[in-house]
Amino acid sequence: MKFSKLFIKTKKDYPKDEVAVSSQLLIRAGYIDKVAAGVYTLLPFGLKVVSKIITQIRSEMDAADAQEIYMPGLVPKANWETTDRWKTFDALYKLKGADEREFALGATHEEIVVPLAREFVESYKDLPLALYQIQNKFRNEIRAKSGVLRTREFLMKDLYSFHKNEEDLNQYYDKMIQSYWNIFDKCGIKEKTYLTFASGGTFCKYSHEFQTETEAGEDEIYVCAECKTGLNSDILADQENGKFKCPDCANTEYEIKKAVEVGNIFKLGTKYSKPFDLNFVDEKGKKNLVIMGCYGIGIQRLMGTIVEINHDEKGIIWPKAVAPYDVHLISLEGSEKRGEEVYQALFKAGISVLYDDRDISAGEKFADCDLIGIPYRLVVSQRTQDKIEVKKRDEDETKQLSEEELLKILG
Ligand SMILES: [Zn+2]
């Protein structure tokens, strides 16, 4: 893509109410546009990052034998009434259609996926089953002050798993914990992320959150000094005498950290299969309720968290796997023809290139390049002649490489 053809421009400023660094940078660098508190448009760069994140997530979900579907955003009132959540789910956006039928915009999808599974699950042979989607969620958040870290409308990966017994659920749950680590590793936030125990509801004492340490986080977690397991501070009251005790290793030393929840996983048990009577016939011919788990990742929040963890004073530093482009090519004055040649050569080699061909100063081009945060900066100028100057976004060192040497690195 040539920068001169893009409709977006980088900005010096951001809306005054935008307090999170991630959203300030994403707005200034032209990834997102703010519509209202908690409501954003994804611009071309932002959509590319989101697509890359989704690619990483899909590959992990597919490896875990999950099948992708796409459920509606409009969820009928009757479905919410079956689970009693029409009254109890505070964050639902409720609306009435022209024929007076009532709906809520999907804030989560147990109310659709469980009756769907009931149509197809009959015997133990139909289990386990895992269905997921990547789809827009709507939540009527009272607090929407943390930019893309907490929004009212967002893409979410929500996976629902169905099992014949608890043992099978536990196995899948552990597999999913590993899948989540793989995703967060690719997204460059694994080192700062803690698997955190949180309150679990009816079936289990605990659910799990993946909490990433950042000053922009709205949560407070207690991290075990011994094994790095986290504990959401909201459930500290459960602990003996109100004191910290690690649920994993029983150690009592801890550190308090501010964090943002980038993923959560729940063992639901029969909480939703019961109201919808989702059952199966077991090996002995006996009817049982299906045991369920659910597993979520908010995509824009993950994008924001990646930026919180991967930036410096100049701008964003994208991990390779989720960067909007592979390289950011800059041609300086007098080297436009050479720039075009390199751009075409990289394009032909299958490298995705943002080519800054604009008629602006070198300083402005370099500043925008650092702000946008693509992993490699390439410069052609009269000084580099037939070589290309290559610099990684997170390093200071530059190298002069031939096209061939450059393609080797990028390949
Ligand atoms: Zn521990």
Side-chain angles (χ1 to χ4, degrees), residues 22 56-57 60-61 63-64 130 146 149-150 157-159 161 163 165-269 271 291-298 301-302 304-310 319:
S22 50
Q56 298 302 329
I57 291 176
E60 287 297 329
M61 295 304 107
S146 300
L149 298 178
R150 183 181 289 278
K157 185 283 295 177
D158 43 331
L159 164 68
S161 70
H163 308 271
N165 56 37
E166 217 177 309
E167 192 192 347
D168 198 57
L169 166 64
N170 290 342
Q171 264 178 22
Y172 198 78
Y173 193 85
D174 289 345
K175 189 192 247 184
M176 210 31 69
I177 288 177
Q178 190 51 51
S179 305
Y180 273 43
W181 281 129
N182 297 346
I183 292 165
F184 298 139
D185 191 20
K186 285 276 169 55
C187 290
I189 61 167
K190 188 182 172 189
E191 300 302 312
K192 292 267 183 188
T193 301
Y194 300 91
L195 183 63
T196 301
F197 286 75
S199 56
T202 49
F203 184 65
C204 269
K205 190 172 177 196
Y206 297 112
S207 65
H208 284 97
E209 294 166 347
F210 289 81
Q211 291 273 5
T212 306
E213 181 186 352
T214 163
E215 273 307 302
E218 293 175 348
D219 292 347
E220 208 169 56
I221 58 166
Y222 294 76
V223 177
C224 172
E226 193 67 33
C227 73
K228 303 293 171 201
T229 293
L231 190 67
N232 193 312
S233 62
D234 292 347
I235 61 160
L236 193 67
D238 289 353
Q239 302 298 299
E240 283 169 41
N241 311 320
K243 283 197 185 122
F244 177 86
K245 189 176 163 196
C246 174
D248 253 9
C249 73
N251 171 47
T252 54
E253 303 284 312
Y254 64 95
E255 269 184 89
I256 298 178
K257 295 179 188 292
K258 284 182 85 177
V260 60
E261 179 201 310
V262 288
N264 60 9
I265 56 178
F266 282 91
K267 291 178 185 175
L268 296 170
K271 187 175 177 186
I291 309 275
M292 285 180 61
C294 75
Y295 318 81
I297 294 179
R301 179 182 289 191
L302 178 51
T305 306
I306 295 169
V307 176
E308 287 290 337
I309 302 303
N310 300 280

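Whatever order the structure lists ligands and atoms in, that order sets their numbers, starting from 1. Nothing here was measured: the structure is a model prediction, and the numbers come from that model.
- Within the protein, the N, O or S atoms sitting under 2.8 Å from the Zn ion (ligand 1) are C224 SG, C227 SG, C246 SG, C249 SG.
- With values rounded to the nearest 0.5 angstrom, E215 atom CD is found 9.5 Å from E308 atom CD.
- When side chains are defined from C-beta on, F197 counts as touching D248, because their heavy atoms get closer than 4.5 Å.
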Donor-acceptor pairs under 3.5 Å, side chain of residues 182-193 to any protein atom, not counting sequence neighbours: which ones?
unit_1 : atom_1 : unit_2 : atom_2 : d
N182   : OD1    : Q178   : NE2    : 3.0
N182   : ND2    : E60    : OE1    : 3.1
N182   : ND2    : E60    : OE2    : 3.4
T193   : OG1    : I189   : O      : 2.6
T193   : OG1    : T212   : OG1    : 2.9

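- No hydrogens or angles considered: nothing links the side chains of E209 and T196 as a donor-acceptor pair under 3.5 Å.
- When the side-chain hydrogen bond (donor to acceptor under 3.5 Å, both in side chains) test is applied to Y173, the partners found at least two apart in sequence or on another chain are H208.
- For D158, the side chain to side chain contact (heavy atoms under 4.5 Å, CB included) partners at least two apart in sequence or on another chain are H109, Q133, K137, M156, Y160.
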